[in-house]
Structures are given as C-alpha cells and as structure tokens.
Amino acid sequence: MSNIVWHQHSIDQAARGAQKGQNPVLLWFTGLSGSGKSTLAGALERALFEHGFHTYLLDGDNVRHGLCKDLGFSLEDRDENLRRVGEVAKLMVDSGLVVLSAFISPTREERDRVRALFPQGQFIEVHVSTPLSVCESRDPKGLYAKARKGEIANFTGISSPYEVPESAELTIDTSKGDLETQVNGLLAYLKAIEVLNPPRQIAGAGI
Ligand SMILES: Nc1ncnc2c1ncn2[C@@H]1O[C@H](COP(=O)(O)OS(=O)(=O)O)[C@@H](OP(=O)(O)O)[C@H]1O
Ligand SMILES: Nc1ncnc2c1ncn2[C@@H]1O[C@H](COP(=O)(O)OP(=O)(O)O)[C@@H](O)[C@H]1O
C-alpha cells in the first residue's frame, strides 16, 4: 500500500451533493431478521425519491446475490460482508447520494467500524428494535422455524449473537405504531439535521 497515493479530484462530495440539492448521508438500519429493516428503509427511500432526492438502498439479501455471494454467516464472513458494504456505501455517499442500508450487522464492532469511515454526523444508525419474539412470530421466510429445528446454523438471535446498539441515533420498534408514522419520524429527523433542505446553488459554476 505504501506506493499508492490518494488522488484528489476536483469534483468533490460537497459539489456532487450540492448539484443534487442534498447533503449526502448514510442511514444504517440494523436489527434482527424480520425486524422490519427492508420495509422501513424501502418506504423511506420511496418517500425521499418522491420528494426528488437522489437515493440508493443497499439491502443485505440483494448484496448477498452479487458483491458478497461468496460469504456465509460465520462472524468472520459477516465482518467481511459489512466491511465491503461499508466501503461501497462510502463511495455512494461520496457520489452525493442519500444512502440507506439494511443489514442485520449484529456486532457493535462491525457497526462502529463502518461509522468510523464517515465524518461525525454523516453515519446515522437506526436500530430497528422489534423484539425477537415478534420477529420470530412474523417469520416471513420461514427461517426462524428452520433455525429452531437446527436446519440453519449461526442464525442471528437463535444460535448467533445480536448486540443491541448502545448509541444509535434512532430506535424504531415496528411492533408499535404504523409504517407511515415511522417514515414521517425519519423524514422529520432528516429535515432537522438539514439533509433535506440545503442550498441548491453551486457557487461560481454559472448555472
Ligand atoms: N444464519 C443466518 N442468520 C441471519 N440471517 C440469515 C442467515 N441465513 C440466511 N439469512 C438471511 O440473510 C439475511 C441477512 O443478511 P445480512 O447481510 O443482513 O447479514 S449480516 O449483516 O452479515 O449479519 C437475512 O435477511 P433479513 O431477514 O432481511 O434480515 C436472512 O434472510
Ligand atoms: N413497520 C412495520 N410495521 C408492521 N409490520 C412490519 C413493519 N415492517 C415490517 N413488518 C413485517 O415484518 C416482516 C419482515 O419485514 P422485513 O422488512 O422483511 O424485515 P427485515 O428486512 O428486517 O428482515 C414483513 O413481512 C412485515 O410483515
């Protein structure tokens, strides 16, 4: 690595964000399987998209079909999964996007490693805190039933740990309230931290 020097290009993250009329951030949804990460992140992305914002949603199930198709669910493989996702999310934020991600991301160390890739305030951890009992009763993919029967090894919450975040920016339990209220709460948060209402002018660009 010592022979590789960072090349600073003239178009930077601030310019790309300003062109899109937004301040780029990463919204990191973490929680048990079935807690509602994909549903919440998907509904928030739709609301942002419909308001004209430029977004991208990285979803665990989808990323594991391509970029991370070689990885399983040991703690080492999850670490590598989240390392790759963190780096991809960083590039996407650098491109000026509002990035959303939906990964179980079961350990504090993994989540903090991704957080450390970003300046203060740009990584927003959303703990989807729906209790295990509710996630298990939902079981939309039948995975909990299989895990209980021992047919899936290392299943989060059953035979593999989930470490509850200690300092998430937001916590949402999807067994309480409705999706619309939860999405409105997220939008209000993004508005309060000025992701949604930055100046749109690019100084000196003549446009
Ligand atoms: N052993 C085991 N444990 C947990 N989850 C499992 C497992 N095997 C398969 N699945 C399915 O994979 C989805 C989780 O992938 P992630 O990339 O989000 O996991 S991780 O962040 O690397 O821990 C997860 O998707 P979600 O239900 O959307 O969370 C499951 O459908
Ligand atoms: N906000 C919500 N309110 C009520 N039920 C929800 C909500 N979000 C998800 N669900 C239910 O939970 C199930 C799992 O949601 P999903 O988004 O796939 O979770 P995850 O991505 O965390 O695995 C869905 O099929 C749905 O029935």
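Whatever order the structure lists them in is the order used to number ligands and atoms, beginning at 1.
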Against ligand 2, does [X] come closer than 4.0 Å with any heavy atom?
{"X": "Ser35", "result": "yes"}
{"X": "Ser33", "result": "yes"}
{"X": "Leu40", "result": "no"}

Give a yes or no on this: more than 12 heavy atoms of other residues, nucleotides or ligands lie within 6.0 Å of atom [atom1] of [X].
{"X": "Arg84", "atom1": "CZ", "value": "yes"}
{"X": "Leu91", "atom1": "CG", "value": "yes"}
{"X": "Glu50", "atom1": "CD", "value": "yes"}
{"X": "Tyr189", "atom1": "OH", "value": "yes"}

Any idea which protein heavy atom is nearest [atom], and the distance to it?
{"atom": "atom 25 (O) of ligand 2", "result": "Pro140 CB, 3.9 Å"}
{"atom": "atom 4 (C) of ligand 2", "result": "Thr174 O, 3.5 Å"}
{"atom": "atom 27 (O) of ligand 2", "result": "Arg138 CD, 4.8 Å"}
{"atom": "atom 1 (N) of ligand 2", "result": "Gln182 OE1, 2.8 Å"}

Short N-O contact, Asp61 and Lys141, less than 4.0 angstrom:
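Looking at Lys141 together with Asp61, the answer is yes, because their closest N to O distance falls below 4.0 Å.
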Are any of the side-chain nitrogens in Arg64 or Asp59 under 4.0 Å away from the carboxylate oxygens of its partner?
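Salt bridge: no.
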Please confirm whether Arg111 makes a cation-pi placement over Tyr162, using NZ or CZ under 6.0 Å from the six-membered ring centre and within 45° of the ring normal.
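That pair qualifies as a cation-pi contact.
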Between Tyr144 and Arg138, is there a cation-pi geometry (under 6.0 Å to ring centre, at most 45° from the normal)?
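Negative - Arg138 is either too far from the ring of Tyr144 or too far off its axis.
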At under 4.0 Å between heavy atoms, is it the side chain or the backbone of [X] that contacts ligand 1, or both, or neither?
{"X": "Leu143", "result": "side chain"}
{"X": "Asn154", "result": "backbone"}
{"X": "Leu71", "result": "neither"}
{"X": "Phe73", "result": "side chain"}
{"X": "Ile152", "result": "side chain"}

Shortest non-hydrogen contact from Leu187 toward Leu48:
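Residues Leu187 and Leu48, closest heavy atoms: CD2-CD2, 3.8 Å.
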Distance-only N or O hit between ligand 2 and [X], under 3.5 Å:
{"X": "Gly36", "result": "yes"}
{"X": "Thr39", "result": "yes"}
{"X": "Gly34", "result": "yes"}

Arg83/Glu80 under salt bridge (charged side-chain N to carboxylate O under 4.0 Å, His left out): CA gap, chis, key distance, verdict
CA-CA 5 Å; Arg83 188 193 69 77; Glu80 175 59 12; 2.9 Å; yes
Using heavy atoms and a 4.0 Å limit, tell me yes or no: is Ala153 in contact with ligand 1?
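Ala153 counts as a contact of ligand 1 under the 4.0 Å cut-off.
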With heavy atoms of [X] as the reference, note each atom of ligand 1 found under 4.0 Å away.
{"X": "Asp61", "answer": "12 (O), 13 (C), 24 (C), 25 (O), 28 (O), 31 (O)"}
{"X": "Leu82", "answer": "21 (O)"}
{"X": "Ser33", "answer": "26 (P), 27 (O), 29 (O)"}

Please work out which of Lys141, Lys146, Lys37 has its closest non-hydrogen atom nearest to atom 28 (O) of ligand 1.
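Looking at heavy atoms only, Lys141 sits closest to atom 28 (O) of ligand 1.
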Evaluating non-hydrogen atoms only, which member of Leu75, Asn62, Thr156 is closest to atom 4 (C) of ligand 1?
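Considering heavy atoms of Leu75, Asn62, Thr156, the nearest to atom 4 (C) of ligand 1 sits in Thr156.
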Donor-acceptor side-chain pairing of Thr107 and Glu110 below 3.5 angstrom:
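Note: Thr107 and Glu110 side chains meet the donor-acceptor criterion.
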Give a yes-or-no answer on whether the side chains of Thr181 and Asn184 include a donor-acceptor pair shorter than 3.5 Å.
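There is no such pair (donor and acceptor under 3.5 Å, judged by atom type) between the side chains of Thr181 and Asn184.
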Report yes if some N/O of Phe103 lies less than 3.5 Å from some N/O of ligand 1; otherwise report no.
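By distance alone, the answer is no.
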Using a 4.0 Å heavy-atom cut-off, say whether Leu32 meets ligand 2 through its side chain, its backbone, both or neither.
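Leu32 to ligand 2: backbone contact only, side chain stays beyond 4.0 Å.
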